[in-house]
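Naming: A, B, ... by sequence-line order, numbering from 1 per chain.
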Amino acid sequence: MLYQKSEVEDAFSLFLQLVNAGKIDKKDVESIKLYRNDNVQRLLSEVFEPKANVKIFESENNIFLVPQLDNHLLSYSNAELKKRLGLDSNEQIYLFYFCIIVLLSQFFNSEDHTLAANQFVRVETIQNIMKKHISEFQSYSETQLENQTIRTMLDITGIINAWGALPEYNEKAKNIRNTKKNQIGFILHCLKFLQDEDLIILREDSEVSITDKMNLLIIRYYYHTQRKDQLLTLFK
Amino acid sequence: MNLERILQGFDERMRNIAVFSSIINLQEKTRYSEYPNESAGLATLLFILDNMLSNTPTTTESLTMFLQTLLSERCDIHLSIEQASEYRLVLVREFLRNDGAPHKFSYYSFETKSDEVYAFHLIEYDNLSISELKEDRSNIKLTEKGLEFLFKTKEMYNELQISITQLYFKQQMQKGLFNEALKAAIDMIGLIQSEKSKMRSLRSDIMRDALGVSKRQELEQRLSSAHDKMEREREMFRSLKGLVDEKLTSYYNGELTEKEEKGLDLIHEIHRKIQDAMSIHESLFEEKQRLQYAMTNALESLILHAFSVKLNFEREVLQEVVRTGANLDALKQIINPLMPLRIPSYFNPAVIFSEQKRQVRKQEREIEVPVVDEDLILQIEMEEKEKERLRLERISRYLRIVLLPLLENDKIHISTVLDNLKEENEKFYQEITNQAHFCSFLVDLHQSDYNKFDRIKQEIQVHLPTLSRCLAQLVDEYPDLQPLGHFSFRPTDNIITFDNGFKLSDFVVERGDLYAISKK
């Protein structure tokens, strides 16, 4: 396939714009005009996406760029994310990731998506599910210790400890949002981060719903044979 | 026996019944069982419907207020705002919204010969937008199912609602029953809005990939029939607007009956509402375009992936994470696409040669500071002092002409004072009447609380407001004023007209503290 020089330039400038801001607003008519060129799109999807290890897709109002599962260049490392979130330890980062997976499990849990999905989930529900599964870790740990690598087990005992160190609820806390030192406060802290990223909406400090952006990210990104397989191999 | 015929549309009927279960189940709730939960539930839905029809948002506060009023006025249960808010959380969030999860109704379907589960929501958030959230508003509205349910409790055909209301409006308008017509016009706005939200929910359904291959054709049919219907409605609206315009024209031509003339305001109101309805109706076409866009997109991705893949996060991810005890890096990778982008930055040794921005900024700031000219400041200060001195002098002069006559008279009108002045000192009179200072002085004097002829020490005088200071100086100058004690300064109904045509209400100056009396 031969491309015009100008097309490569256009695709590259779009790519740079996406890497810089994560998205292009569709109100940016100039950029959208470039994006509407078939060859530019082909360049983006056939050359830039695989080479940069990212996925670019279009929503109603934006064009998004997201890093692939194993993209290390464009995604925060654990340590960097820890700093950004203001968390103390790797165990807390684990809890943060785990909290998001629990949240997603409540919105993307139907087999056929013809049933009306959840409109919102209560923060307490997330807390209860996390509590339930983390206690499951505890019961597994003895028997699995032999099969698992020590590295993994360290993670798990760490998580149990980190979660156990948080009281369920701190009655004394004046403003629960300002403290990460209890379970609800910790979850709210995670949610706040997601909200700042426009991924969820938190209402009355207790009702969590997902935004169109999150919905689209999940459907366009994970609902894909190859990417799903890639994801599932992580558990092997 | 023709079972096929008897059971036709069985599922649909069952589903229609299913929606009722959500309200009926409220009777079995143990929490707040002392309250009429099922009735309060229905009333809440009606309250939201009413808000939707009048285009007002249903906020958590308005819901709480509604429940508090409802219970106190209709069942003699008096709740504080906190209690009512607590009840709202249970009734609306837990019962009516089922904690965000859909209500489910299982039944055996004779059509498909299998157990079926029907899931639905009654209430949903109005506009999932971040900007609204930042104002901490969580408005809610009825879902399409919720609306349908309410319509089913009072006979009405859902598909034809807009057309029926249009017809009704036409009838009422022709009969000259403007009140009814206005109501119908408002109903129409509500109906069109619900039509709009129906399209939106369909759009999110498509985006959620809910539509399998088989359903697509059905959707295309629905879209094209919706288009025809909307075109018909648009035509109808044009003719209705014509009808209203006609009424207005015949009013201006004086052709209306006496009774109809009284309704002119109503006709105007109807005119406005019809225009509103028409513009909202036009936005339906835009919504339809977005719907078509969503469908094309869904179609596109369907073709791209041949058969779309689904990922059940609860079963396929969460359970696996728990089962295998996935490690930190695995978890991170799962979440990776959702996390913000990290823009890598590298250190370039060449920066040492670049300009040092901070210093540049400092220099600029120094330039911005203006050179201080002490002489100029002194001059400005002198000018201001002079201005202030002139102002004080002016006020003292005014006080003198207004208050000194009290030495001889119990009371005197400003008009008399001015007349006397005109005879004695024509020049001063002209000066007063040609400047606004005197008027604002009168207003200040009238508004001032301080109305005592009192001798005040010089040291203290400096700290008094201008008017009081001048007054104290006046008393120093004319000690005879002190025995009078107080004076009063009140407006009268008379108007003074100056030679230059300027008008001012007349005031009366009196001895004695009449303010104190009126205060009592």
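Of the two parts of A/Phe193, only the side chain, counted from C-beta on, holds a non-hydrogen atom closer than 4.5 Å to a non-hydrogen atom of chain B. For chain B, the nearby part of A/Leu18 is the backbone; its heavy atoms alone come within less than 4.5 Å. Only the side chain of A/Leu217 has a heavy atom closer than 4.5 Å to any heavy atom of chain B. Of the two parts of A/Ser77, only the backbone, made up of N, CA, C and O, holds a non-hydrogen atom closer than 4.5 Å to a non-hydrogen atom of chain B. With a 4.5 angstrom heavy-atom cutoff, A/Tyr94 touches chain B via backbone and side-chain atoms both. Heavy atoms closer than 4.5 Å to chain B are found in both the backbone and the side chain of A/Leu65.
In terms of heavy-atom proximity, B/Pro337 sits nearest to A/Tyr221 at CG-CE2, 3.4 Å. Of all non-hydrogen atoms in A/Pro67 and B/Asn336, the two that sit nearest each other are CG-O, 3.7 Å. Residues A/Leu199 and B/Leu338 share a closest heavy-atom pair of CD1-O, 3.4 Å.
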Please determine whether side-chain contact (heavy atoms from CB on, under 4.5 Å) holds for the pair B/Met339 and A/Leu194, giving the CA-CA distance in whole Å, both sets of side-chain angles, and the decisive distance to 0.1 Å. CA-CA 8 Å; B/Met339 288 292 111; A/Leu194 295 179; 4.2 Å; yes

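Residue pairs meeting the salt bridge (charged side-chain N to carboxylate O under 4.0 Å, His left out) criterion with at least one member in residues 71-85 of chain A, sequence neighbours excluded, are A/Glu80-B/Arg342, A/Arg84-A/Glu197.
Residues B/Val317 and A/Ser105 are not in side-chain contact: their nearest non-hydrogen atoms beyond the backbone lie 4.5 Å or more apart. B/Leu318 places a side-chain heavy atom less than 4.5 Å from the side chain of A/Phe98. Looking only at side-chain heavy atoms (C-beta outward), B/Leu89 and A/Glu204 come within less than 4.5 Å of each other. At least one side-chain heavy atom of A/Asn118 sits less than 4.5 Å from a side-chain heavy atom of B/Pro102. B/Val321 has its side chain within reach of A/Ile101: a pair of non-hydrogen atoms, C-beta onward, lies under 4.5 Å apart. Contact check for A/Phe96 versus B/Lys332: no side-chain heavy atoms found under the 4.5 Å cut-off.
In terms of heavy-atom pairs under 4.5 Å with chain B, the best-connected choice from A/Leu73, A/Ile218, A/Asn71 is A/Leu73. Note on A/Val54, A/Val66, A/Leu69, A/Ile134: by heavy-atom pairs under 4.5 Å with chain B, the leading option is A/Leu69. Per-residue counts of heavy-atom pairs under 4.5 Å with chain B were compared for A/Arg122, A/Gln68, A/Glu58; the largest is that of A/Arg122. Here B/Arg97 is the residue among B/His103, B/Gln319, B/Arg97 with the most heavy-atom pairs under 4.5 Å with chain A.
Defined by atom type and a distance below 3.5 Å, a donor-acceptor pair is present between the side-chain atoms of A/Ser206 and B/Arg93.
Counting only distance, with no hydrogens or angles, the side chain of A/Tyr97 and the backbone of B/Asp329 share no donor-acceptor pair below 3.5 Å. Distance alone, capped at 3.5 Å, is enough to place a donor-acceptor pair between the A/Gln119 side chain and the B/Ile123 backbone.
Classification of the A/Tyr222-B/Phe313 ring pair by plane angle, with boundaries at 30° and 60°, yields perpendicular.
Not a single salt bridge (Lys or Arg N to Asp or Glu O under 4.0 Å) links A/Arg42 to another residue, sequence neighbours left out.
In the displayed structure, B/Met65 atom CE is contacted under 6.0 Å by at most 12 heavy atoms of other residues, nucleotides or ligands. Crowding of A/Phe57 atom CZ: a count of heavy atoms from other residues, nucleotides or ligands under 6.0 Å exceeding 12.
Taking CD1 of A/Ile93 as the start and CG of B/Leu331 as the end, the distance is 11.0 Å to the nearest 0.5 Å.
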